[in-house]
**Q** 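Here you go, one structure.
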Amino acid sequence: MSDAAREITEGLSHTPATLSPKYFYDARGSQIFEEITRLPEYYPTRTEREIMRLHGRDIARRVGPGRTVIELGAGNCEKARSLCQTIAASRFVAVDISEEFLQQSAARLQAEMPMLTVCAFAADLSHEIDLPGDVPAAHRLVYYPGSSIGNFDLPQAQALLQRMRHMLHDDGALLIGVDLRKDVAVLEAAYDDAAGVTAAFNLNALAHVNRLIGSDFDLADWKHVAFFNHEASRIEMHLEAVVDVRVHWPGGGRGFARGERIHTENSYKYDNEGFAGLLDQAGFHRTVAWTDPQRWFAVVLACP
Ligand code: AVJ
């Protein structure tokens, strides 16, 4: 059994069952996520883009030209394209969990920006990140946009920020997007859109799991559930069984009673002060944050 299969079946056997959000991102899931970023209800992507547009020059002035930009979770490489132009970067290293999708996007970016040295490789951010030996160690800018940090609980986020700090010398910097706490109706609509795209995204994880572990989840037996958990300051996504279900996989299986859930994602929402504190604990002591006029999202530049 592969590491992934072991991790998945372990999570599925818990009560309540869990499945890591990284299993959203097979080729189809990455496509659906792109669709999510264009939904009217899903404000983070467009708000972050607006912040980058409004404050790009200020960011460029602070980070300077000739950086090696390392994007974690690069996906379609679209944000990198614009960042690398804005700050006149010399290299771009794309890192993502979805290898096939990433290679295509990186190749496209390289063709469009021949002066930028582009490379791509697959990595799971929940483990140590080993960059290829030919990535220059000086003058790095780790780029982690989209509030992907929101997927991790506090200790995990802390550990990930520390791993990022370890990728940098003292001349390095981190540019990170983080989603902020706001009106619950705005938050919940962003994760339960009217067109059902987020529901399809959530359900697709089961199709991905079926392929990874040979299970027999029937997507029709499950529905998408998303809500804001105030105490934990996070959006939670779950898949809820709409009938009594029995799922099998090689060497195991389990039953789910109607109404029972699989917890598939957390998306933590921060405030600027709390996030700066988290960065400080991870070894980033100088931070500057830019936000949109509504203060829905923040782009933070953090230096050692
Ligand atoms: C990619 C983790 C930033 O939490 O907003 C979007 C993922 N899940 N809609 C987020 C997601 C449902 C997204 N991140």
Side-chain angles (χ1 to χ4, degrees), residues 18-49 51-52 71-80 94-98 101-102 105 123-126 143-154 156-157 160-161 164 175-206 208 222-229 232-240 261-270 275 292 296-300:
T18 59
L19 178 66
S20 165
K22 68 189 173 199
Y23 298 110
F24 288 141
Y25 302 96
D26 62 351
R28 168 111 185 95
S30 298
Q31 259 157 17
I32 305 177
F33 180 68
E34 271 200 61
E35 237 181 281
I36 288 177
T37 65
R38 293 190 292 264
L39 290 169
E41 296 97 333
Y42 194 75
Y43 62 84
T45 311
R46 95 174 56 88
T47 308
E48 183 176 42
R49 199 186 305 124
I51 295 169
M52 295 301 285
E71 181 175 358
L72 307 178
N76 64 13
C77 295
E78 217 151 89
K79 292 171 187 170
V95 183
D96 201 286
I97 187 126
S98 179
F101 187 79
L102 179 71
S105 317
D124 177 350
L125 300 186
S126 44
Y143 185 39
Y144 198 47
S147 198
S148 299
I149 191 75
N151 267 173
F152 300 94
D153 65 23
L154 274 171
Q156 290 171 333
L160 178 54
L161 292 172
M164 293 177 184
L175 188 65
I176 184 166
V178 57
D179 198 14
L180 303 177
R181 258 195 294 273
K182 61 184 63 62
D183 187 76
V184 179
V186 173
L187 282 171
E188 289 186 340
Y191 293 85
D192 194 7
D193 61 282
V197 179
T198 307
F201 178 68
N202 199 3
L203 286 160
N204 178 65
L206 295 181
H208 189 201
W222 300 86
K223 73 170 183 190
H224 169 66
V225 175
F227 56 85
F228 188 64
N229 175 335
S233 190
R234 69 191 189 201
I235 285 282
E236 294 185 13
M237 298 213 313
H238 301 258
L239 289 163
E240 183 177 310
R261 291 172 177 172
I262 305 171
H263 189 173
T264 51
E265 185 170 48
N266 290 320
S267 187
Y268 283 83
K269 308 304 169 187
Y270 287 92
F275 196 67
D292 54 294
W296 279 4
F297 199 93
V299 173
V300 183

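Counting convention: from 1, in listed order, for ligands and their atoms alike.
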**Q** Nearest to atom 3 (C) of ligand 1, what protein heavy atom do you find, and at what distance?
**A** Gly146 O, 2.9 Å

**Q** Strictly by modelled atom types, are Tyr43 and Lys182 linked by a side-chain donor-acceptor pair under 3.5 Å?
**A** yes

**Q** Quick one: pull up CZ in Phe275 and OG in Ser147 and give me the separation to the nearest 0.5 Å.
**A** 7.5 Å

**Q** Nearest non-hydrogen atom to atom 9 (N) of ligand 1 belongs to which of Phe24, Tyr191, Tyr25?
**A** Tyr191

**Q** Does Ser148, backbone or side chain, put an N or O under 3.5 Å from an N or O of ligand 1?
**A** no

**Q** Is the shortest side-chain N to carboxylate O distance from Glu48 to Arg46 below 4.0 Å?
**A** no

**Q** Would you kindly say whether Thr198 and Asp193 are connected by a side-chain donor-acceptor distance under 3.5 Å?
**A** yes

**Q** Could you list the atoms of ligand 1 found under 4.0 angstrom from a heavy atom of Ser147?
**A** 3 (C)

**Q** Check each heavy atom of Phe201 against ligand 1 and say whether those closer than 4.0 Å belong to the side chain, the backbone, both or neither.
**A** side chain

**Q** For Asn151 and Asn266, indicate whether the former's side chain and the latter's backbone hold a donor-acceptor pair under 3.5 Å.
**A** yes

**Q** What's the separation between atom CE in Met237 and atom CG in Asn202, rounded to the nearest 0.5 Å?
**A** 4.0 Å

**Q** Report yes or no: does Tyr42 have a heavy atom closer than 4.0 Å to ligand 1?
**A** yes

**Q** Within a distance under 4.0 Å of any heavy atom of Asn151, pick out the atoms of ligand 1 and give their elements.
**A** 2 (C)

**Q** Using the benzene-type ring in the case of Trp, are the ring centres of Phe152 and Tyr268 under 6.0 Å apart?
**A** no

**Q** According to the interplanar angle, ranging from 0 to 90°, do the rings of Phe227 and His238 count as parallel (below 30°), tilted (30 to 60°) or perpendicular (above 60°)?
**A** parallel

**Q** Could you tell me whether Lys269 and ligand 1 have an N or O pair separated by under 3.5 Å?
**A** no

**Q** Tell me which protein heavy atom sits closest to atom 8 (N) of ligand 1, plus the residue, atom name and distance to 0.1 Å.
**A** Glu265 OE1, 2.6 Å

**Q** Please state which part of Tyr43 comes within less than 4.0 Å of ligand 1, counting heavy atoms only: side chain, backbone, both or neither.
**A** neither

**Q** Give the residue and atom name of whichever protein heavy atom lies nearest to atom 4 (O) of ligand 1, and the separation in Å to one decimal.
**A** Ser267 OG, 2.7 Å

